[in-house]
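Atoms considered below: every heavy atom in the structure, side chains included; atoms not considered: hydrogens, waters and symmetry mates. Counting convention: from 1, in listed order, for ligands and their atoms alike.
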Amino acid sequence: MVQPTSIPFTVNGRAYRPPARPLAVICLDGCADDYLDAAMARGRMPNMQQMAVRGFRGMARCALPSFTNVNNASIVTGLPPAGHGISGNFFLDPETGEEVMMNSARYLRAETILAAAARAGRRVAIVTAKDKLREILSHRLEGIGFSAEQADQATAATHGISEVEALVGQATPTIYSAEASLFVLRAGVALVEKGLADCLYLSLTDYMQHRYAPDAPEALDFHAAIDGEIGRLLALGVRVGATADHGMNAKQKPDGAPNIIYLESLLREEWGPGVRVILPITDPYVAHHGALGSFAVIHLPDALPSAPIARRLMGLDGITEVYDRETAARKLELPADRIGDLVVLSARDVVLGRTPDYHDLAALEGGLRSHGGRYEEMVPFLLSKPLSAEYGARAAGDLRNFDIFEFTLNGCRS
Ligand SMILES: [Zn+2]
């Protein structure tokens, strides 16, 4: 293998000093720490257990809302949403008044660490399970970028690589599967083995975590398989950093029914039809969560004052935080022009909906497990090598999941 370059580079105010060895940062989508605990306690994740013992295992705070696109954008830029501009999967575009997906790189307001690493001479590859993330992750990237979901559509001209199925030795998986995530990790192993990349970002999907609790046999098997692929990366001499975009909690009543507050129904009844609720978890992958998460933004007609509505919402059981736009931008580090007049977070076991008709609960597979709020904020943070004294001290403070590239590149002792 050609020795990777170790030319330092700076992006978004952080300096990176990549070691002359292959690197992989992994986003374990939806991996609440309980999933690692449950699997490690049963001896199902020996490689990550070794990372915890010989390297570092801690907890980090993700960006709010605790959603996939928001946190993937944070991880690859090293910035909170106020810096990179991605505040959800979905938002109300103030210029058009329309509700639109925010999965296009045109909404990204910062450079990525990956594009900068490639400019500094690293052979960079991003592999994501869901194709919806590919455009943001591979923004201005001179390198390889493809998804498991559309692996068979990758071409050298558009994705920096072709014949991905042959490379991985596996057909393109369906997105609603454990295989969608495992394909990403296997692709990472193959890219390093073949000398095609030396700086990887591997982003999985949380389908399994939405569907299964940490101690379910399916979840344990899934995490054991993840661990096997991480073991293969470690055996290749890859320095591995792993974190999650958000955690995951059951959002159910004791009888198993989804625990939903229909915000738009409630507010329109009391304050009129002009109130609009936007659920930034909304995306095309409805079987995961039915567009139900623990975070919502509310757009009010000009005539309606926000303070009494905020007070009304804070009086409801199951609603834990309500902020006006300016406070949300400051305290939750959000882009003020891409959130509503009010931002609402709900309890550990509660999700926020629009109206009963808006959500197709029949599309949910099994009970409702979801994320988006404060209770899915703390996520695992692991490195395969021990931290230097400087980074160990930083890890003892307010470690963020979007510090993972800096810690993986700069923070290790060997
Ligand atoms: Zn996610």
Practice item. Verify the distance criterion only: is there a donor paired with an acceptor across the side chains of D341 and S306 at less than 3.5 Å? Key: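 Not at all, the side chains of D341 and S306 share no donor-acceptor pair under 3.5 Å.
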Review point. Does a side chain donor of either E264 or T355 reach within less than 3.5 Å of an acceptor in the other side chain?
Key: no
Revision key, fill the gap. Vertex the Zn ion (ligand 1), ends D245/OD2 and D29/OD1: angle to nearest 10° comes to 90°
Exercise for review: Please determine if the Zn ion (ligand 1) has an N/O/S atom from T205 lying under 2.8 Å away.
Suggested key: no
Check your understanding: Within less than 2.8 Å of the Zn ion (ligand 1), any N, O or S from H371?
Key -> no
Review point. Which word best sums up how the rings of H359 and Y262 line up, parallel for under 30°, tilted for 30 to 60°, or perpendicular for over 60°?
Key: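 Taking Y262 first and then H359, their aromatic rings sit tilted (interplane angle of 30° to 60°).
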**Study point:** Over-ring placement of R400 relative to F402, 6.0 Å and 45° cut-offs
**Key:**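 No, a cation-pi geometry is absent between R400 and F402.
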